[in-house]
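In what follows, a single structure is set out as structure tokens and then discussed.
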Amino acid sequence: IMYSSTGFQLPSLSLFGTRHEGSTDIIAFASASSDVFTEVAFTLSRDRQLRVWRDKCIASIQVPPSFAAARRGSQIKTGNLLPGVYRSLIRVLPSPNGVEDEEDPDADRRVLVFVPSPTEQAGGGFFVLYRLSERYSNGTRQLEYLSSQDCSSRSTGSELRDFAVINNHLWCLWDTHGQAMVEYVALEPESEEVAQWYSAIAPSEPEYTPDYFDELLVQNGAVTEVFLDAILRPGVFSRFTLETALKQYRDAISSIPGQHPPALLTSYPTLGEHIAGVVGCTVDLAIDPQSGEQLWDQYWSALKRDWEGFVARCKEVERSARWPLAIGVGELEQPVVLERERLGVVARDDTSLQAFKVFAQGAGSGTSNSALALLDIAKGLQESLDGADRQLLESHLTSVVRETIAFSWNEVGADISRRLLLSQVSPPVRGYVTARLNSLGSVNRAVVDALYVILDVEAEIKGEAMEDEEGSPTISKSNGAEVRLVESLRVDGHLHIAREIAGWLPLAPGVAYVLARTWLDGGRPDEAVPLFEQVAISFGDDGLLESEDADALEDVLPFDEYYLPHYYNHVADLFAECSLDVYVARFTKLAIDSSPEEVSEKLWETLLTSYIALGLYEDAYMALISMPHQSLQQRFISRLVTAMCDKGEIDRLTRWNFVGFQQEVENVLAFKARNADPIGWPNYANVLYAWYTFRGDYRSAGQAMFRQARRLSEIVCKPGEYIDFATETARCYLAAINCLSLVDPKSAWQNHPEHLIQVYFRYDLLSDALRQSIDLIKETQKKSRGTAKTRRMPFDTAAATWLPYNLFDQILGAAATSKAKDVSALATELKKTIDLWLTSARSLSRDIRTRP
């Protein structure tokens with residue numbers, strides 16, 4: 001029986017728990033189809049009365065109480081009542097010829113009844129087969145006895161859960177102390193001969209006892225790895241069992257008072273990682289208080305006990321998970337066993353399963369199959385060696401198989417046999433093996449057949465006598481079959497088994513690719529990268545796949561054009577699915593570099609996105625300025641600048657040239673400075689100030705700082721925050737003053753020159769404010785004369801708009817209270833300058849009005 005987990009838990013059928021106390025109460029029901037209103041129906045009551053119904057009871061018979069009574073044809077009306085629990089005891093079988101009589105469809109209808117045995121009798125019970133007769137002239141029918149079949153002695157003490165008739169074989173599902181047992185027997189309706197029962201055996205499973213794990217730990221000392229590999233082995237525990245046991249374990253830890261371990265609050269991508277992270281999280285490494293030595297022995301013992309406790313939880317949950325429920329028929333007419341959490345298929349033994357039984361059960365001694373007999377000889381030879389010699393021989397064979405050798409297999413095999421095998425085999429064993437080999441006839445043929453059984457691939461025998469020039473069989477097998485096998489295991493999620501099988505195969509490109517995928521799927525990308533790169537070596541200088549490697553890779557690569565850039569792009573996509581940007585950038589860069597043609601925007605976009613996500617801003621900058629797609633450059637300028645500002649990489653941002661893109665960078669920073677939160681992070685006004693300052697554009701830098709100061713001054717803050725806001729505002733104003741002091745005053749403020757005067761005045765720099773005011777009036781007077789002459793406008797009405805007279809009055813008022821000598825002199829000069837300006841403005845205005 002080959003089992004697979006269903007991924008969910010089925011409840012027990014409620015009908016099995018319903019009790020019936022009356023002797024005439026019905027405890028079993030069956031019909032030929034689900035439409036019980038049009039089909040004939042059969043019922044069985046506790047008094048063993050089998051009745052046939054169609055609108056009414058049309059026939060009945062007393063089922064015998066024992067198998068012996070059934071064989072005698074006796075209808076004893078006395079006997080023990082059947083258990084008062086509803087069970088599956090009746091099956092309606094179709095007509096033996098498969099054709100129903102249109103006039104009388106119920107004729108020759110057959111029904112199989114199971115009668116359970118009392119607990120004191122051997123066997124689980126017996127089956128009785130009846131046939132519904134044709135309709136008599138008076139409209140009645142009878143149930144006619146056909147045959148009976150006793151159950152096997154193995155079913156003693158077991159409960160029949162379900163049974164079915166498939167291809168003239170009766171299949172029974174027994175509940176044997178919570179475990180499923182499947183038996184089958186040939187069903188001969190017209191024969192009274194005793195048929196032999198056969199058992200369908202499930203694959204053997206190791207007993208997870210402390211001694212079993214102690215033996216595993218001797219080979220591999222990693223406690224977590226050994227236990228995790230054991231519980232995650234396919235077919236041992238279902239996913240539901242592991243999740244339930246893990247939940248119970250977490251609940252037990254959470255119920256302990258005090259602070260919980262951080263492992264309980266961590267999220268894990270897979271169930272295996274979750275178990276590995278949580279189990280043993282309460283075990284700490286203790287230190288000897290006297291010597292200060294770390295007590296590792298106690299730590300490993302406590303960790304082992306913790307894992308053993310978790311395994312015990314899994315076994316307890318799995319015990320209820322394997323409760324048998326029903327048996328059905330699959331698509332290929334094979335029996336299907338349904339348990340609460342598993343679904344099993346009964347499969348006939350093929351050659352490979354027979355070979356497995358040779359090693360597992362020693363079932364090859366009497367076989368006529370030369371391949372199985374040869375395998376049995378090999379097993380006996382293996383058992384004749386002691387543990388140390390056998391382990392030494394196996395290690396040498398393993399290393400030879402996994403390595404590339406320069407000699408023929410015949411030479412290598414003869415050398416290992418001479419050095420490590422023949423010298424350790426006793427003469428009696430050697431004589432026994434020789435005699436068995438001679439009995440095979442053609443040893444070469446047996447070797448070929450044995451390899452065919454083990455590898456399950458087509459073998460091509462070359463040479464007339466199936467031998468090469470050295471007298472050894474030659475087998476050629478497709479490497480693609482091996483790659484497909486490993487790939488199918490990977491796709492099904494059996495990563496550990498796939499890696500184990502791949503380890504026995506030559507590391508060809510196809511095997512290396514699938515092995516890399518198993519490491520990547522298992523969350524270990526560092527092991528996958530060198531294998532992916534090794535596959536790339538198989539591509540020639542022209543980027544095309546070499547012919548000897550193409551067949552194996554074509555079966556697993558998901559694209560049609562086997563071209564090196566496409567391969568690198570495919571690998572990058574695999575890492576992108578796992579959000580591993582470091583390897584996405586690595587293989588995308590290889591795809592771009594290996595392509596002789598211009599690559600698509602998608603590859604460049606993937607490369608830039610990965611670089612920015614990894615913080616590799618210099619690589620992103622170099623890729624940005626070297627890519628041939630201008631539209632993509634425009635889009636990623638903003639992303640690169642924003643990412644660098646968010647990470648505080650202001651110094652590098654301002655030092656890079658951005659050849660051809662300086663205006664785009666300035667536009668991005670200016671937009672952010674105008675619209676971003678003035679007190680948030682990053683402070684784009686400071687970034688823009690640094691950008692302009694580094695390039696010597698002090699006028700733009702001063703304007704950026706001045707705008708930032710104005711935005712800060714407009715914020716309504718809490719009283720306790722005023723000092724911080726005022727300090728930052730002052731810093732911005734002072735930065736603007738320092739920058740503008742380095743610029744020619746004539747061009748410092750082209751649009752609003754009074755802003756600088758206002759800054760000087762606000763921070764009590766009266767001397768600078770007075771000087772700047774005088775210069776502003778004189779400069780405005782020069783410009784205004786030319787403007788008035790050309791535009792012929794009334795100058796006296798426009799002068800008040802052009803000069804900040806209110807600001808001048810405030811400055812003069814502050815200067816009047818100042819005791820500084822230079823302030824008093826500058827204030828007098830400013831008054832005279834204003835008077836001269838107003839006098840000249842009125843005179844010029846009159847001239848304009850009287851001018852023809």
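Taking a 6.0 Å sphere around NZ of K589, one finds it holds 12 or fewer heavy atoms contributed by other residues, nucleotides or ligands. Atom CD of E527 is surrounded by more than 12 heavy atoms from other residues, nucleotides or ligands within 6.0 Å.
A502 approaches V486 most closely through the heavy-atom pair CB-CG1, 4.1 Å. The shortest heavy-atom contact between W197 and R154 is O-NH2, 3.6 Å. A200 and Y184 get closest at one heavy-atom pair: N-CE2, 4.4 Å. The two residues G124 and S155 make their nearest non-hydrogen contact at N-OG, 2.8 Å. Of all heavy-atom pairs between V535 and P509, the closest is CG2-O, 3.5 Å. The heavy-atom pair separating L303 from V283 by the smallest distance is N-CG1, 4.0 Å.
Shown here are the side-chain contact (heavy atoms from CB on, under 4.5 Å) partners of D297, two or more places apart in sequence or in another chain: there are none. Residues satisfying the ring pair (Phe, Tyr, Trp, His ring centres under 6.0 Å) criterion with H570, sequence neighbours excluded, are Y513, F559. Contacts of W296 classified as ring pair (Phe, Tyr, Trp, His ring centres under 6.0 Å), with partners at least two apart in sequence or in another chain: Y299, W300. Evaluation of the side-chain contact (heavy atoms from CB on, under 4.5 Å) rule for K247 yields D251 as partners, not counting sequence neighbours. Take E273 and apply the side-chain hydrogen bond (donor to acceptor under 3.5 Å, both in side chains) test, not counting sequence neighbours, and it matches no residue. Residues forming a ring pair (Phe, Tyr, Trp, His ring centres under 6.0 Å) with F163 (at least two apart in sequence, or on another chain): F127. In this structure W519 satisfies the ring pair (Phe, Tyr, Trp, His ring centres under 6.0 Å) test with no other residue, sequence neighbours excluded. Annotation: side-chain contact (heavy atoms from CB on, under 4.5 Å) contacts of L580 (sequence neighbours excluded): L520, P525, F575, C578, Y583.
No donor-acceptor distance shorter than 3.5 angstrom exists from the side chain of D284 to the backbone of A286, with no hydrogens or angles considered. Of the possible polar contacts, one joining the D162 side chain to the I327 backbone as a donor-acceptor pair under 3.5 Å is found. Put simply, the side chain of T588 never gets that close to the backbone of A585: no donor and acceptor are under 3.5 Å apart. The closest donor-acceptor contact from the side chain of Y268 to the backbone of A263 lies under 3.5 Å. Panel note: side chain T642, backbone R639; no donor-acceptor pair is recorded below 3.5 Å. Between the side chain of H494 and the backbone N or O of L489 there is no donor-acceptor pair closer than 3.5 Å.
Residue pairs meeting the salt bridge (Lys or Arg N to Asp or Glu O under 4.0 Å) criterion with at least one partner in residues 567-584, sequence neighbours excluded, do not occur; the list is empty. Pairs passing the salt bridge (Lys or Arg N to Asp or Glu O under 4.0 Å) check and including a residue from residues 218-230, sequence neighbours excluded, read D229-R233. Listed by first and then second residue, the salt bridge (Lys or Arg N to Asp or Glu O under 4.0 Å) pairs that reach into residues 511-522 are R490-D521, sequence neighbours excluded.
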Under the criterion side chain to side chain donor-acceptor pair (under 3.5 Å), I'd like the reasoning laid out for E183 against S152: C-alpha separation, chi angles, the key distance, then a yes or no.
CA-CA 9 Å; E183 291 185 320; S152 68; 2.6 Å; yes
Give the C-alpha distance, both sets of side-chain angles, the deciding distance and a yes or no for side-chain contact (heavy atoms from CB on, under 4.5 Å) between D288 and L295.
CA-CA 7 Å; D288 192 330; L295 305 178; 4.1 Å; yes
Verdict with reasoning, E533 to R586, per salt bridge (charged side-chain N to carboxylate O under 4.0 Å, His left out)
CA-CA 11 Å; E533 293 176 341; R586 181 173 180 173; 2.6 Å; yes
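Atom CZ of F587 is separated from atom CG of N569 by 12.0 Å, given to the nearest 0.5 angstrom. In this structure, the separation between CZ on F213 and CD on E308 is 7.5 Å, given to the nearest 0.5 Å. Rounding to the nearest 0.5 Å places CD of E339 at 8.0 Å from CG of L325. For the atom pair L495 CG and R524 CZ, the distance stands at 11.0 Å (nearest 0.5 Å). Atom-to-atom distance recorded for D211:CG and L216:CG is 11.0 Å, nearest 0.5 angstrom. Residue I612 holds its CD1 atom at 12.0 Å from NZ of K647, rounded to the nearest 0.5 Å.
Under 3.5 Å, the side chains of R250 and H274 contain a donor-acceptor pair of N or O atoms.
C151 has its side chain out of reach of C172: every pair of non-hydrogen atoms, C-beta onward, lies at least 4.5 Å apart. For the pair L246/L271, a side-chain contact is recorded, criterion being any heavy-atom separation below 4.5 Å from C-beta on. Between H260 and L265 the shortest side-chain heavy-atom distance does not fall below 4.5 Å. Contact of the L338 side chain with the L173 side chain is not registered, since no non-hydrogen atoms from C-beta on lie closer than 4.5 Å. Contact of the E487 side chain with the V491 side chain is registered, since non-hydrogen atoms from C-beta on lie closer than 4.5 Å. Using a 4.5 Å cut-off on side-chain heavy atoms (C-beta onward), F532 and L574 make contact. Side chains of Y568 and L603 form no contact here, defined as non-hydrogen atoms less than 4.5 Å apart. When side chains are defined from C-beta on, L393 does not count as touching Q382, because their heavy atoms never get closer than 4.5 Å.
The aromatic rings of W307 and F227 sit parallel, their planes meeting at an angle under 30°, below the 60° perpendicular limit.
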What side-chain donor-acceptor pairs closer than 3.5 Å can you find for residues 311-319, not counting sequence neighbours?
from: K315; atom 1: NZ; to: Y208; atom 2: O; distance (Å): 3.3
from: E316; atom 1: OE1; to: R319; atom 2: NH1; distance (Å): 2.5
from: E318; atom 1: OE1; to: T241; atom 2: OG1; distance (Å): 2.5
from: E318; atom 1: OE2; to: R322; atom 2: NE; distance (Å): 2.9

